Amino acid sequence: MSMEPRPRPPADEAQLLARATELAGRPVRTVAERFGLPTPNDLKAHKGWVGQLLEYALGASAGSRAEPDFPHLQVELKTVPVDSQAVPRESTYVCVCPLDGVTLAQGWEASWARRKLARVLFVPVVQRGDEPVGDRMVGAPVFWEPGPDDLRRLKQDWDEITGRISLGELARLDGSVGEVLQLRPKAANLTETTWVLDGDAEWVQTGPRGFYLRRSFTREILARAFG
DNA sequence: TGCTGATCATGA
DNA sequence: TCATGATCAGCA
């Protein structure tokens, strides 16, 4: 068995899609072995492992910069855990949410979330039951661009959420707000805090938040692709 | 079972 | 330290 070198970034979208398609149907363990990477026994201490493996295998830039995974293609890669019916098992992280009014005032079109969601390559990873991580199967990739209705719903949720933040209502904002996009805590732990203005213009401490795509929304997206 | 809130590892 | 990659864990 020969070991392959780290893939270069794909030259274009077609090559990216071709690479992802070639991985489809393979257990993630064999993808890892191809590059000589170890497969963890579980993900308790390696929650992002599958996503990072696929980034590596597809030639995404390493690391965690605030850019799309394939900057030259303006494409964001998202691995999404699904069951045997291609139904997502988890929500999908989008990006951190700025909590200052100046940034939020720039609006949806200028937002980080809007740019990240402009073009997304979803790679489903099929997990049947509680099988070992390595046995999860890479699924067929889905290129997605939000359609007019998707954009309308995303913008509506973004406006609702950021509008409340601007009014100082962050403390009363929870994950139940938003039809397709939601705001949730996003931190290493509860000790991570920043200061924001509340509704009475008082400075209060709060934890960082992130935007997530609801499971029901990514479920729709995959259903459109797979029928 | 689904959802929200909490948490883990890594790289720049 | 912050943003990336997400999944874990507990409760309704």
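In what follows, chains are A, B, ... by sequence order, proteins preceding strands, each numbered from 1. These values consider heavy atoms only, across backbone and side chains, with no hydrogens, waters or symmetry-generated copies. Remember, it's a predicted structure, so these values are computed and weren't measured experimentally.
- Within the nucleic acid shown, Glu192(A) has no heavy atom closer than 4.0 Å to any nucleic acid atom.
- Between Arg224(A) and Asp150(A), at least one side-chain N (NZ, or NE/NH1/NH2) sits under 4.0 Å from a carboxylate O, which counts as a salt bridge.
- In summary, Glu76(A) and Arg114(A) do not engage in a salt bridge, as defined by a charged side-chain N under 4.0 Å from a carboxylate O.
- The residue Ala45(A) sits close only to the backbone: its heavy atoms come under 4.0 Å of sugar-phosphate atoms, none of a base.
- One can place CD of Gln182(A) at 9 Å from P of dC3(B), the figure rounded to the nearest angstrom.
- Taking all atoms of both residues into account, the shortest heavy-atom contact from Val28(A) to Val133(A) is CG2-O, 3.1 Å.
- Taking atom CZ of Arg209(A) as the reference point, atom C1' of dA3(C) lies 17 Å away to the nearest angstrom.
- Relative orientation of the Phe217(A) and Trp144(A) rings is perpendicular, given thresholds of 30° and 60° on the angle between their planes.
- Atom P of nucleotide dA9(B) and atom CG of Leu37(A) are separated by 18 Å, given to the nearest angstrom.
- Taking a cutoff of 4.0 Å between a charged side-chain nitrogen and a carboxylate oxygen, Glu220(A) and Arg153(A) qualify as a salt bridge.
- Side-chain heavy atoms closer than 4.5 Å link hydrophobic residues (I, L, V, M, F, W, Y) into clusters, and following such links, possibly through other members, connects Leu54(A) to Phe143(A).
- Across the protein-nucleic acid pair, Arg89(A) atom CZ and dG2(B) atom C1' stand 13 Å apart, rounded to whole Å.
- Asn189(A) places its CG atom 13 Å from the C1' atom of dC2(C), with the value rounded to the nearest Å.
- A salt bridge links Arg29(A) to Asp135(A): one of the charged nitrogens lies within less than 4.0 Å of a carboxylate oxygen.
- Note: CG (Leu121(A)) to C1' (dG5(C)) measures 15 Å, nearest angstrom.
- Within residues 95-116 of chain A, the residues approaching DNA chain C are Cys95(A), Val96(A), Trp112(A), Lys116(A), by heavy-atom distance under 4.0 Å.
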Next on the checklist: Generate the contact string for nucleotides 6-12 of chain C. Rules: B means base contact, S means sugar-phosphate contact only, - means no protein heavy atom under 4.0 Å.
Outcome noted: BBBS---
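- Arg184(A) and Ser91(A) are linked by a side-chain donor-acceptor pair at a separation below 3.5 angstrom, with hydrogens and angles left out of the test.
- Within the nucleic acid shown, Arg215(A) comes within 4.0 Å of sugar-phosphate atoms alone, with no base atom in reach, counting heavy atoms only.
- Residue Glu109(A) holds its CD atom at 7.5 Å from NZ of Lys155(A), rounded to the nearest 0.5 Å.
- Distance CG (Leu53(A)) to P (dA9(B)): 18 Å, rounded to an integer number of Å.
- The residue Glu76(A) sits close only to the backbone: its heavy atoms come under 4.0 Å of sugar-phosphate atoms, none of a base.
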